[in-house]
Structure formats: C-alpha cells, structure tokens
Amino acid sequence: MMGDAPLVRPATVADLPAITAIYRHHVLHGLASFEIEAPDISEMTRRYAVIRELGLPYLVAESGGRVAGYAYAAVYRARPAYRYTVEDSVYVENDCAGRGVGSALMPALIEGCAAAGRRQIIAVIGDSANHPSIRLHEKFGFQRVGLLPAVGYKFGRWVDSVLMQRDVGDGQHSPPRQPD
C-alpha cells in the first residue's frame, strides 16, 4: 500500500472478487468473523445485493489501484422496532492492516448510515482481544456497551464478542423522521 490516503467509494459488483478474497482470509485465519467456512463469490454477491437494495452503505477503500478494505452496514435485527439500527462490518486486506484503511472507511460508513435514515450503529466485534477493531470504533465515537463472553467457538477455543454502539445523526435524542 502506498503512503497516500485510501480512496473511499461505493463498492461495485466488479469489487466483489477482491471483497470475497479479503473476507475469505478473515474467515479462515481470524476471529473477527464467526463464520467457519468462507462464502463463495455467488453468496457474497447475494449479500451485497441485499444490502444495496436496502439503501445501506457498502464501501471499498482503494489504495495502489487495488481494494485494500471494505465496510458495510447491514440490518441489525429483523424485527420492526430495530429498523433504525444497523450493524457495521469493516474488513481490511491482511497486508494493509494498521495503515489507515479502516479509518478511511469509517467516516463514509457513518455518513452513509445517517443518509439512509439510521440512528444507531452497533459493532459486534469478534474476540475481545481484537484491539485494532475496538480502537478503530472508539476513535469514531463508539462506546463499549457490553461483552458476551464465550459466545463463539472457533479454532478450538471459546471467543467473546464485544458490543459497541454510537448514535448517528440525532441518534436517540429525537424521534426518527416518518415517511411522508
């Protein structure tokens, strides 16, 4: 990755092979995702389409002419009262970790959630030892709101989830805008 700040832009279908490869690495070698088997390109394409159909942000960060990371917001829970809350995901290419890719993605992700009318973002961070992700979220105003000890089992050990949350726009301080 070059020294310039990554270019953040909306993801396209053409980015899905790179996104799939980044996610595959995290599934097979890390604890950020609790998936055990990496989804293939057709499944990642389906997931991308669902998020875009909902008008939620799905972004990539480009650096040196390649996708260095991606981020998106998805439905937090399906029940109607949760409709103003999303869950974020941020994944960085392994050899780009610690080089500002996540920090480049996060402001655009937060802005995209606000533009989509969402009021809360939840981060469900796999592994309480995932300090880079925890620090990234803290840097952008997320507060730790909970710990779910030993809720996942991967790579022969129990893994925690750290819950973090932040307001978007007016957050909890006013009712959401109702459709006309």
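All values reported here derive from a predicted model rather than from experimental measurement. Counting begins at 1 with the first residue of the sequence.
- Looking at heavy atoms from C-beta onward, Arg119 lies out of side-chain contact with Thr85 at the 4.5 angstrom threshold.
- Considering only heavy atoms from C-beta on, Leu136 comes within 4.5 Å of Ser103 through its side chain.
- By the criterion of side-chain heavy atoms lying less than 4.5 angstrom apart, applied directly or through intervening Ile, Leu, Val, Met, Phe, Trp or Tyr residues, Phe155 is not grouped with Tyr91; the two fall into different hydrophobic clusters.
- The two residues Ser33 and Tyr23 have their closest heavy-atom pair at OG-OH, 2.7 Å.
- A side-chain contact (heavy atoms from CB on, under 4.5 Å) with Phe140 is found for one member of Leu109, Ile110, Ile121 and no other, namely Ile110.
- Here Glu35 pairs with Arg47 in a salt bridge; the nearest charged N to carboxylate O distance falls below 4.0 Å.
- For the side-chain contact (heavy atoms from CB on, under 4.5 Å) with Met106, the lone residue among Glu111, His137, Lys139 that qualifies is His137.
- Neither Trp158 nor Leu147 shares a network with the other; the hydrophobic side chains, linked directly or stepwise wherever heavy atoms of I, L, V, M, F, W or Y lie under 4.5 Å apart, form separate groups for each.
- In this structure, Ile22 is not a member of the same hydrophobic cluster as Ile36, with clusters built from ILVMFWY side-chain heavy atoms closer than 4.5 Å.
- The shortest distance between side-chain heavy atoms of Arg66 and Glu93 falls below 4.5 Å.
- With hydrophobic clusters built from ILVMFWY side chains whose heavy atoms lie under 4.5 angstrom apart, Leu54 shares a cluster with Ile19.
- Between Ala73 and Ile51 the shortest heavy-atom distance is O-CG2, 3.4 Å.
- Contact check on Glu43 versus Arg46 returns a salt bridge, with a Lys/Arg side-chain nitrogen under 4.0 Å from an Asp/Glu carboxylate oxygen.
- The distance from the OH atom of Tyr70 to the CE atom of Met44 is 4.0 Å, given to the nearest 0.5 Å.
- No more than 12 heavy atoms of other residues, nucleotides or ligands lie within 6.0 Å of CD in Gln143, so this atom counts as exposed by the packing criterion.
- Using the six-membered ring where Trp is involved, Tyr72 and Tyr58 have ring planes that are parallel, under 30° apart on the 30 and 60° scheme.
- Using a 4.5 Å heavy-atom cutoff, the side chains of Ile41 and Pro17 are in contact.
- Nearest heavy-atom pair, Ala108 versus Val8, reported as atom, atom and distance to 0.1 Å: CB-CG1, 3.8 Å.
- The minimum heavy-atom distance between Ala32 and Asn130, with the atom names listed, is CB-ND2, 4.0 Å.
- Scanning for side chain to side chain contact (heavy atoms under 4.5 Å, CB included) contacts around Phe34 gives Val151, Val159, Ser161, with sequence neighbours left out.
- Atom CG in Leu31 sits 5.0 Å away from atom CZ in Arg157 (nearest 0.5 Å).
- When the shell of 6.0 Å around CZ of Arg52 is examined, it contains more than 12 heavy atoms from other residues, nucleotides or ligands.
- With respect to Arg118 and Asp167, no salt bridge is recorded, no charged nitrogen being found less than 4.0 Å from a carboxylate O.
- Taking every heavy atom of both residues into account, Gly112 and Pro57 meet most closely at C-CG, 3.8 Å.
- At a threshold of 4.5 Å between side-chain heavy atoms, the hydrophobic network of Ile, Leu, Val, Met, Phe, Trp and Tyr places Leu59 and Ile122 in two separate groups.
- No side-chain N or O of Gln120 forms a donor-acceptor pair with one of Tyr76 less than 3.5 Å apart.
- Atom CG of Leu7 sits about 9.5 Å away from atom OG of Ser63, to the nearest 0.5 Å.
- Residues Asp88 and Phe142 come closest through the heavy atom pair OD2-CZ, 4.0 Å.
- A distance of 10.0 Å separates CZ in Arg24 from CD in Glu37, rounded to the nearest 0.5 Å.
- Rounding to the nearest 0.5 Å gives a distance of 9.0 Å between CG of Leu163 and CD of Glu87.
- Rounding to the nearest 0.5 angstrom, the gap separating the CG atom in Leu148 from the CD1 atom in Ile125 is 11.5 Å.
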